[in-house]
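Reviewing the structure listed below.
Just so it is clear, the values below take in all heavy atoms, side chains as well, and ignore hydrogens, waters and symmetry mates. Residue numbers start at 1 and run along the sequence shown.
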Amino acid sequence: MLRAARARRIATATAFGGGGLTLLGAGTMALLYLQARLAHRAIGFTSWTPPEVEGVYGRGAGPPVSFAVMGDSTAAGFALTEGPQTPGALLAAGIAEVAGRPVRLRSTAKVGATSADLVRQAGLLEGEVPDLAVVFIGANDVIHRVRPADAVHHLQSVVRALHADGTAVVVATCPDLGSVRPIGQPLRTVARRASRQLAAAQTIAVVEEGGRTVSLTDLLADDFVARPDELFGPDRFHPSARGYAHAAIAVLPSACAALGLLPELEVPLDRRAGEGVLPVDRAAVEAAEEAGTEVTGVRVAGRERGPRGRWAALLHRAARERPQEQEGGGPPEQGGGAQDAAHSRA
């Protein structure tokens, strides 16, 4: 079970502070090492040439919305061959539909990126100030055993800099690596705990810096178990096109809200559905346990902070705004609508 105090300690630790890996017994470490080797062998290798994704999506009056996507293989859409199927392109097309304006997409995402790579990725924007940046990050920090405090420190510094420049920031936090089928027990349990622990700490740090987060956690876990051939890509680790579409659908409403295209909490929070205003550490832990949950900073009685720190709203925005899915439980087909909008290469 995640604890808010633990997530808070990780989020507030300096690069030289706590948040390291828990020391385990020699027998446990040997077993985990063997499990990791077996998982590595089970996960295939896929050579990949990234498709072109940068350009202008959608039509409409007014200047294009400037949108940057950053992060790891999820942000890049690893193994996809069609640019419009990548999460960045899906988000750009969706934002264009809601805004009634074109969206100019820049992507600095890199396969295998950890949080430390975000500083370089932000630098690749070459002095541009995007209206919105969406970041998918965290899985490789867990895979490569990066200290959670270090990973959060790098993410926080980038969010701080982007926010200071006037860029709205949405971070899709670390997914649940325990849902990957080639990972066996007990490594799966360790991976799940580490993933959710990092996701909670990421949320605290991002909200403290003025951004908002969307929890991916086990967004696809049930579907991956029931339909692995459909939702896993060829390496049995990364999602398929349909899996990436699920992630984009989860993030899109929060991205639109960050741009002011959707009402900002004008609809009363549904406490029966688990929504509410909480100290950010408690909101972060609850979000890490439920996929599709947005956490964003709010004011209570005109104040940003209470006795336990920053106030935050826990909101299931994706469930409120998600388009109706077609029969069969899948996301909307990618033809039509935004995908038919004009797309010119940058």
Would you call Glu286 and Glu290 a side-chain contact if the rule is heavy atoms closer than 4.5 Å?
no
So which atom in Gly112 and which in Asp117 form the shortest heavy-atom distance, rounded to 0.1 Å?
O-OD2, 4.3 Å
In a check of side chain to side chain contact (heavy atoms under 4.5 Å, CB included) between Ile204 and each of Thr213, Ile10, Asp281, which one passes?
Asp281
Test: salt bridge (charged side-chain N to carboxylate O under 4.0 Å, His left out). Region: residues 127-140. Which pairs qualify, not counting sequence neighbours?
Arg106-Glu128
What are the two closest non-hydrogen atoms of Asp141 and Ser115, and how far apart are they?
OD2-OG, 2.8 Å
Are side-chain N/O atoms of Ser195 and Asp176 paired as donor and acceptor at under 3.5 Å?
no
Write down the atom of Ala133, the atom of Leu162, and the distance for their closest heavy-atom approach.
CB-CD1, 4.1 Å
CH2 on Trp311 to CZ on Arg299, rounded to 0.5 Å:
14.0 Å
Quick test of your reading of the model: are Arg59 and Glu97 salt-bridged, counting only N-O distances below 4.0 Å?
no
Is the closest side-chain heavy-atom distance between His163 and Thr167 below 4.5 Å?
no
Closest non-hydrogen atom pair, Ala172 against Val251
CB-CG2, 4.1 Å
What about Phe67 and Val129, same hydrophobic cluster or not, with Ile/Leu/Val/Met/Phe/Trp/Tyr joined at side-chain heavy-atom distances under 4.5 Å?
no
Residue among Val170, Leu262, Leu315 satisfying side chain to side chain contact (heavy atoms under 4.5 Å, CB included) with Pro253
Leu262
State, without any angle test, whether Ser254 and Glu294 hold a side-chain donor-acceptor pair at a distance under 3.5 Å.
yes
For the residue pair Ser215 and Thr173, what are the closest heavy atoms and their distance?
CA-OG1, 3.5 Å
Answer with yes or no whether the hydrophobic clustering places Val169 together with Phe136; edges join I, L, V, M, F, W, Y residues whose side-chain heavy atoms lie under 4.5 Å apart.
no
Side chains of Cys256 and Ile95: does their closest heavy-atom pair fall under 4.5 Å?
yes
Salt bridge check: are Lys110 and Asp72 linked by an N-O gap of less than 4.0 Å?
no
Knowing that exactly one of Val206, Leu118, Val69 qualifies, which makes a side chain to side chain contact (heavy atoms under 4.5 Å, CB included) with Val135?
Leu118
Are the side chains of Thr293 and Leu314 in touch, meaning some heavy atoms are under 4.5 Å apart?
yes
Pair Glu209-Arg160, salt bridge (Lys or Arg N to Asp or Glu O under 4.0 Å): steps then yes or no:
CA-CA 5 Å; Glu209 296 300 337; Arg160 181 187 302 124; 3.2 Å; yes
Measure the shortest side-chain to side-chain distance between Val214 and Val171 over non-hydrogen atoms and say whether it is less than 4.5 angstrom.
no
Nearest atoms (heavy-atom pairs only) where Ala61 meets Pro102:
O-CD, 4.4 Å
